[in-house]
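Scroll down for the structure; my scribbles are underneath it.
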2 protein chains.
Amino acid sequence: MMQPALTKNQSLVFDVLERSDAPLSAYTILDKLRDNGFRAPLQVYRALDKLTEFGMVHRLESLNAFVACAHRESECCGAKSAHGGHGHGTVAFAICDSCGHVFEFHDHTVDHRLDDWSKSKGFKPAKTTIEIRGVCAKCAA
Amino acid sequence: MMQPALTKNQSLVFDVLERSDAPLSAYTILDKLRDNGFRAPLQVYRALDKLTEFGMVHRLESLNAFVACAHRESECCGAKSAHGGHGHGTVAFAICDSCGHVFEFHDHTVDHRLDDWSKSKGFKPAKTTIEIRGVCAKCAA
DNA sequence: ATTGTCTTGTTATGTTATTACATCAATTGC
DNA sequence: GCAATTGATGTAATAACATAACAAGACAAT
Ligand SMILES: [Zn+2]
Ligand SMILES: [Zn+2]
Ligand SMILES: [Zn+2]
Ligand SMILES: [Zn+2]
């Protein structure tokens with residue numbers, strides 16, 4: 001999917017996420033945007049839905065929170081989605097429970113193994129979630 | 001962790017989950033146990049916490065729901081937790097969005113790759129979530 | 001019996017997400 | 001120009017998921 005120019009609300013939500021160094025819940029985003037005219041959760045959820053669809057934002061299922069995509073094209077094997085944009089395949093997250101920092105990475109072997117399992121069972125995967133909760137190097141020190 | 005005998009509430013919750021062929025939310029479990037004297041969410045959540053701790057129940061993060069463990073010791077490489085009981089390491093789930101059936105499996109290679117990533121970054125993993133949402137063979141047919 | 005620990009019951013509250021409906025703006029076809 | 005369509009927005013109400021706080025009961029160890 002090619003991503004069109006962002007609407008006003010989408011831009012506001014994305015900017016908030018990009019400036020944050022930890023995942024934010026939809027309601028936290030809402031609070032941060034009250035001064036910009038946001039009054040209801042739906043304004044946030046609608047923007048998040050689109051941004052997620054564009055691949056610019058990821059939802060962290062184990063946290064019920066959202067992060068701006070931190071995928072680095074350069075340090076990646078080149079796994080892309082069929083979509084346009086900077087899209088990517090399955091991505092994994094390591095989430096520090098101490099400082100909240102999220103590391104986004106891609107592992108081709110992991111993808112491949114999960115694909116193999118799916119193929120062997122005739123399971124048709126649509127979306128895969130991989131999240132490692134733990135403590136980052138800095139916080140563990 | 002060795003698992004002690006289950007308490008009354010823990011048994012009731014576990015039985016409900018074991019009889020179900022799809023994941024159940026805490027509130028659905030609550031409804032099913034009204035006739036057994038359950039009146040409040042906390043009665044369910046407390047039991048679920050313990051059952052999860054014992055490794056008898058898993059929480060599906062992408063669904064906010066719970067399943068009884070379907071781990072087959074026999075078809076497993078032998079990855080065990082340090083705990084007693086039938087404990088296991090990281091397990092993956094394939095969840096059919098059509099019929100709700102959940103396939104629980106373990107892939108040693110995947111575990112190993114994620115461990116490698118953690119080690120390389122000095123990240124200390126505590127709990128890993130792997131969930132594949134899609135459509136099962138039966139439903140895709 | 002007293003203490004400590006674990007489980008339970010109950011009420012209230014907090015947090016996350018969606019439904020329903022009205023409105024507004026940009027685009028397309030005539 | 002002027003419908004008709006489509007997509008974005010605003011607002012209120014509600015649903016769904018989860019925890020805090022406190023009281024009371026069960027049970028074992030001393
Ligand atoms: Zn990304
Ligand atoms: Zn950290
Ligand atoms: Zn299991
Ligand atoms: Zn199915």
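Letters A, B, ... mirror the listed sequences (proteins, then strands); counts begin at 1. All values below come from the heavy atoms of this structure, side chains included, with hydrogens, waters and symmetry mates left out.
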Can you list everything that forms a ring pair (Phe, Tyr, Trp, His ring centres under 6.0 Å) with [X]? Sequence neighbours excluded, please.
X	answer
A:Phe93	A:His58
B:Phe38	none
A:Phe103	A:His101

With sequence neighbours excluded, residues passing side-chain hydrogen bond (donor to acceptor under 3.5 Å, both in side chains) with [X]:
X	answer
A:Asn64	A:Arg59
A:Gln43	none
A:Asp15	none
B:Thr28	B:Ser25

Give, ordered by number, those residues of residues 12-21 of chain B having at least one heavy-atom distance below 4.0 Å to an atom of DNA chain D; if nothing qualifies, reply none. none
Between atom CG in B:Asp31 and atom C1' in D:dA15, what is the gap in whole Å? 13 Å
On DNA chain C, reading 5' to 3', which nucleotide is the first and which the last to sit with an atom under 4.0 Å from a heavy atom of chain A, could you check? C:dT16 to C:dA20
Ignoring hydrogens and angles, state whether a donor on the side chain of A:Thr128 or B:Arg133 is under 3.5 Å from an acceptor on the partner side chain. no
Set of residues satisfying salt bridge (charged side-chain N to carboxylate O under 4.0 Å, His left out) with respect to A:Glu131, sequence neighbours excluded: none
Residue pairs passing the ring-ring contact (aromatic ring centres under 6.0 Å, His included) test with at least one member in residues 114-136 of chain A, sequence neighbours excluded, are A:Trp117-B:Phe105
Look for any protein N or O under 3.5 Å of an N or O in nucleotides 16-19 of chain D and output each such pair with its distance, or none.
| unit_1 | atom_1 | unit_2 | atom_2 | d |
| --- | --- | --- | --- | --- |
| D:dA18 | OP1 | B:Arg59 | NH1 | 2.9 |
| D:dA18 | OP1 | B:Arg59 | NH2 | 2.4 |
| D:dA18 | OP2 | B:Tyr45 | OH | 3.0 |
| D:dA18 | O5' | B:Tyr45 | OH | 3.4 |
| D:dA18 | N7 | B:Tyr27 | OH | 2.6 |
| D:dA18 | N6 | B:Tyr27 | OH | 3.2 |

What nucleic acid atoms does A:Arg46 come within less than 4.0 Å of, heavy atoms only: base, sugar-phosphate, or nothing? base
